Amino acid sequence: MTGATVGPVSEHCQVVTTIDSAEGAEELAQGIVEERLGACVQVVGPIRSVYRWQGEIQVDREWQCVVKTTTARLDALVEYIRTHHDYDVPEIVATPIVGGNPDYLSWLHTETAP
Amino acid sequence: MTGATVGPVSEHCQVVTTIDSAEGAEELAQGIVEERLGACVQVVGPIRSVYRWQGEIQVDREWQCVVKTTTARLDALVEYIRTHHDYDVPEIVATPIVGGNPDYLSWLHTETAP
Amino acid sequence: MTGATVGPVSEHCQVVTTIDSAEGAEELAQGIVEERLGACVQVVGPIRSVYRWQGEIQVDREWQCVVKTTTARLDALVEYIRTHHDYDVPEIVATPIVGGNPDYLSWLHTETAP
């Protein structure tokens, strides 16, 4: 299992990764929906990411990809992003979806059925 | 109960919906605060949403509405958005808030008391 | 313990605060990474925040700071933001990270070790 999953608390989750170009973000988004690893991917950006790298604080321009999917597809989604992302260690974090529009939540299942 | 709530893990939650115009987003935001269904709504956008619709991958311009509220008001908030949103199946997803500034969290209660 | 933590469900969390200038957001972000209270802070904005204040609905321009950190550092992060933010009651909300890229999640630990 690739995702260090702690046992998500729900059937659905939101997964965020970030990348350094709008084109790269859209390419990831298209691939994720194409492969039915997420029902919808929202590209937000440009954002400014502040972090420490080799002892220095860096500020980079990035774009967020916010994926809405089922927890059953989380590991395959993490693997896909790790494989297709051009960073060595891309940010990929999942937060649990614990409620919402039941019709939308069932649409997530329909769209991500392998 | 309209929200397919899985038994949220906390008293407070963040609820996101998306819509296809800045005006529509602000109208929803104003209504949600007016009705005390959320203490604060943040409108983020424009974003690019990638999803499959009738077999084709679509890319739409949308705006996120990020609502901060209490879990007690979740079902009423979901119902409000379903009623006032112009999509048939709007995205409405809730993630649990499990910590933060205690003064802000109690402000969420004060502002959303019916 | 300053954060009204409900007992987060995981070792990692995402913490969001919002502020009324891009400079203020970046200053907070730099300080948080400098102090190893967060491994990465993403500044998103400008956004439009809709809320009620003294009976009137307000709409302000703000910037989100989205911090990726460990739950062990949550209370110290909440305290830092409360001390360095210029609002009396700043929004600080934490959502649990329940899965993702294991290499990234362990990087969060490395970067936030006091």
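This structure is a prediction, so every number in the text was calculated from the model and none was measured. Naming: A, B, ... by sequence-line order, numbering from 1 per chain.
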B/V89 versus chain A, heavy atoms under 4.5 Å apart: side chain, backbone, both or neither?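 For B/V89, the contact with chain A is made by backbone and side chain together.
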
Using non-hydrogen atoms and a 4.5 Å limit, figure out which bit of B/T18 sits close to chain A: side chain, backbone, both or neither.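 It is the side chain, since no backbone atom gets that close.
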
Heavy-atom contacts under 4.5 Å, residues 24-48 of chain B to chain A: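 Interface residues of residues 24-48 of chain B: B/V44, B/I47, B/R48.
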
Name, in order of residue number, those residues of residues 56-68 of chain A that have a heavy atom at a distance of less than 4.5 Å from a heavy atom in chain B; otherwise write 'none'. A/K68

Partners meeting salt bridge (Lys or Arg N to Asp or Glu O under 4.0 Å) with B/D20 (sequence neighbours left out):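 Per chain and number, B/D20 pairs via salt bridge (Lys or Arg N to Asp or Glu O under 4.0 Å) with no residue.
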
Closest non-hydrogen atom pair, A/G100 against B/V78: O-CG1, 3.8 Å

Closest heavy-atom contact between A/P96 and B/P96? O-CD, 3.4 Å

Any ring-ring contact (aromatic ring centres under 6.0 Å, His included) involving residues 95-114 of chain B? Give me the pairs, sequence neighbours left out, ordered by first then second residue.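 For residues 95-114 of chain B, and leaving out neighbouring residues, the ring-ring contact (aromatic ring centres under 6.0 Å, His included) pairs sorted by first residue read B/H12-B/H109, B/Y104-B/W107.
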
Side-chain donor/acceptor of A/N101 to backbone N/O of B/E91, under 3.5 Å: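 Checked: no pair found.
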
Which of B/T95, B/L77, B/D88 touches chain A most, by non-hydrogen pairs under 4.5 Å: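 Looking at each of B/T95, B/L77, B/D88 in turn, B/T95 comes out on top.
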
